[in-house]
Amino acid sequence: MYKRICIAAFATIALQLAALTAQAQDGNYVAGEHYDVISPAIRGSSDKIEVTEFFWYGCGHCYNFEPQLAQWKKGLADDVVVKGSPAMWNAPMEIHAKAFYAAEALGVLDTMHMPLFQALNVDRKRLASESELADLFEANGVSAEDFSKAYNSFGVGSQTRQANARARAAKITGTPELMVAGKYRITTRKAGGQANMLKIADFLIEKERAMQMASTGS
């Protein structure tokens, strides 16, 4: 009896996902079904259309999503910018968030981004302390002294706090999640998969671009 109920439940879920995917493939993206509207909207830091990636270095789904995101970014127009925003719900995640902003401050984010993902997801390191992170940065050409200065700097601390506030304002529930123009949140669950997250992001970028053009009369 229990087995039949489970099979029926899984079949229902599969049909719902299939319907969602088919609808999304037609480009009929609906607020509340495929993405959520953020209210109030979150102000961005540039005059471009901002796409924010909420992630955690220890998240396996984020690790798998990163190559797709990197490829997608290559095809974006000049009026779009993608920014990372580390999520943090506990002390270790805050440590990893500070590592992200330290790498950015040192100008080595492109060098360190994937090694940080790999250390946690492939090499199964905990990276639960400043010293562990310093060793990883040093192994990738950054002196431990330079790393520690950046890691403990006021700027990195401030950016980490801002990232935490941003995630709370966006009401993210997991990682990876995307936010477009500070107005729309895209989750894997509602999108129907990571590939669809990027398709919906394209749709919302076009939506925002059209709204900007209409407001300026161009």
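The closest side-chain heavy-atom distance from Met93 to Asn90 is below 4.5 Å. By the 4.5 Å heavy-atom criterion applied to side chains, Leu178 and Glu53 are counted as neighbours. No side-chain heavy atom of Tyr184 sits less than 4.5 Å from a side-chain heavy atom of Ile205. Looking only at side-chain heavy atoms (C-beta outward), Phe203 and Ile186 stay at 4.5 Å or farther from each other. Here the side chains of Pro176 and His61 are in contact, with some heavy-atom distance below 4.5 Å. Between Asp202 and Tyr29, the closest side-chain pair of non-hydrogen atoms is not below 4.5 Å.
Remark: side-chain polar atoms of Asn164 are not paired, donor with acceptor, to backbone N or O of Thr160 under 3.5 angstrom. The backbone N or O of Ala150 lies less than 3.5 Å from a partner atom in the side chain of Ser153, making a donor-acceptor pair. Side chain of Ser148 to main chain of Glu145: no donor-acceptor pair is present (N/O by atom type, distance under 3.5 Å, no hydrogens or angles).
A single hydrophobic cluster is not seen to contain both Val122 and Leu69; linkage of ILVMFWY side chains at heavy-atom distances under 4.5 Å, directly or through other members, places them apart. Under the 4.5 Å side-chain contact rule for hydrophobic residues, Ile38 and Val51 do not share a cluster.
Smallest separation of non-hydrogen atoms from Leu136 and Ala119: CD2-CB, 4.0 Å. When all heavy atoms of Leu120 and Gly58 are compared, the pair lying nearest together is CD1-N, 3.7 Å. The two residues Ile95 and Ala128 come nearest to each other via the heavy atoms CD1-O, 3.2 Å.
Remark: Thr173 engages Glu177 in a side chain to side chain contact (heavy atoms under 4.5 Å, CB included) (not counting sequence neighbours). Every residue was checked against the salt bridge (charged side-chain N to carboxylate O under 4.0 Å, His left out) condition with Glu94, not counting sequence neighbours, and none meets it. Judged as a side chain to side chain contact (heavy atoms under 4.5 Å, CB included), and not counting sequence neighbours, the contacts of Ala31 are Tyr35, Val37. For Ala144, the side chain to side chain contact (heavy atoms under 4.5 Å, CB included) partners are Ala134, Glu138, not counting sequence neighbours. Residues forming a salt bridge (charged side-chain N to carboxylate O under 4.0 Å, His left out) with Asp36 (at least two apart in sequence, or on another chain): Arg185, Lys190. The ring pair (Phe, Tyr, Trp, His ring centres under 6.0 Å) test applied to Phe65 returns no partner, not counting sequence neighbours. Here Glu50 pairs with Lys83 under the salt bridge (charged side-chain N to carboxylate O under 4.0 Å, His left out) rule; sequence neighbours left out. In terms of the side chain to side chain contact (heavy atoms under 4.5 Å, CB included) criterion, residue partners of Phe117 (sequence neighbours excluded) are, by chain and number, Phe55, Tyr57, Cys62, Tyr63, Glu66, His113, Met114, Asn121.
Separating the NE2 atom in His34 from the CG atom in Leu204 is a distance of 11.5 Å, to the nearest 0.5 Å. The structure places CH2 of Trp72 at 10.0 Å from CE of Met197, a figure rounded to the nearest 0.5 Å. If you take CD1 on Ile42 and CE on Met179, they are separated by 4.5 Å, rounding to the nearest 0.5 Å.
Atom CG of Asp110 is surrounded by 12 or fewer heavy atoms from other residues, nucleotides or ligands within 6.0 Å.
Screening residues 155-172 for salt bridge (charged side-chain N to carboxylate O under 4.0 Å, His left out), with sequence neighbours left out, gives no hits. Screening residues 121-140 for ring pair (Phe, Tyr, Trp, His ring centres under 6.0 Å) gives Phe137-Phe147 as the qualifying pairs, with residues at least two apart or on separate chains.
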Got a list of side-chain donor-acceptor pairs under 3.5 Å for residues 96-106, not counting sequence neighbours?
| from | atom 1 | to | atom 2 | distance (Å) |
| --- | --- | --- | --- | --- |
| His96 | ND1 | Trp56 | NE1 | 3.0 |
| His96 | ND1 | Pro92 | O | 3.3 |
| His96 | NE2 | Arg126 | O | 3.4 |
| His96 | NE2 | Leu127 | O | 2.9 |

Which donor-acceptor pairs under 3.5 Å do the side chains of residues 73-82 make with protein atoms, sequence neighbours left out?
| from | atom 1 | to | atom 2 | distance (Å) |
| --- | --- | --- | --- | --- |
| Asp79 | OD1 | Arg209 | NH2 | 2.8 |
| Asp79 | OD2 | Arg209 | NE | 2.8 |
| Asp79 | OD2 | Arg209 | NH2 | 3.4 |

If you apply the rule side-chain contact (heavy atoms from CB on, under 4.5 Å), what do you find for Lys199 with Asn196, and how did you get there?
CA-CA 5 Å; Lys199 292 178 182 178; Asn196 279 341; 3.6 Å; yes
Take Lys183 and Lys207 through the test side-chain contact (heavy atoms from CB on, under 4.5 Å) and record every step on the way to the result.
CA-CA 11 Å; Lys183 300 177 181 178; Lys207 178 183 177 74; over 6 Å; no
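Under a 4.0 Å N-O distance rule, the pair Lys125/Glu132 does not qualify as a salt bridge.
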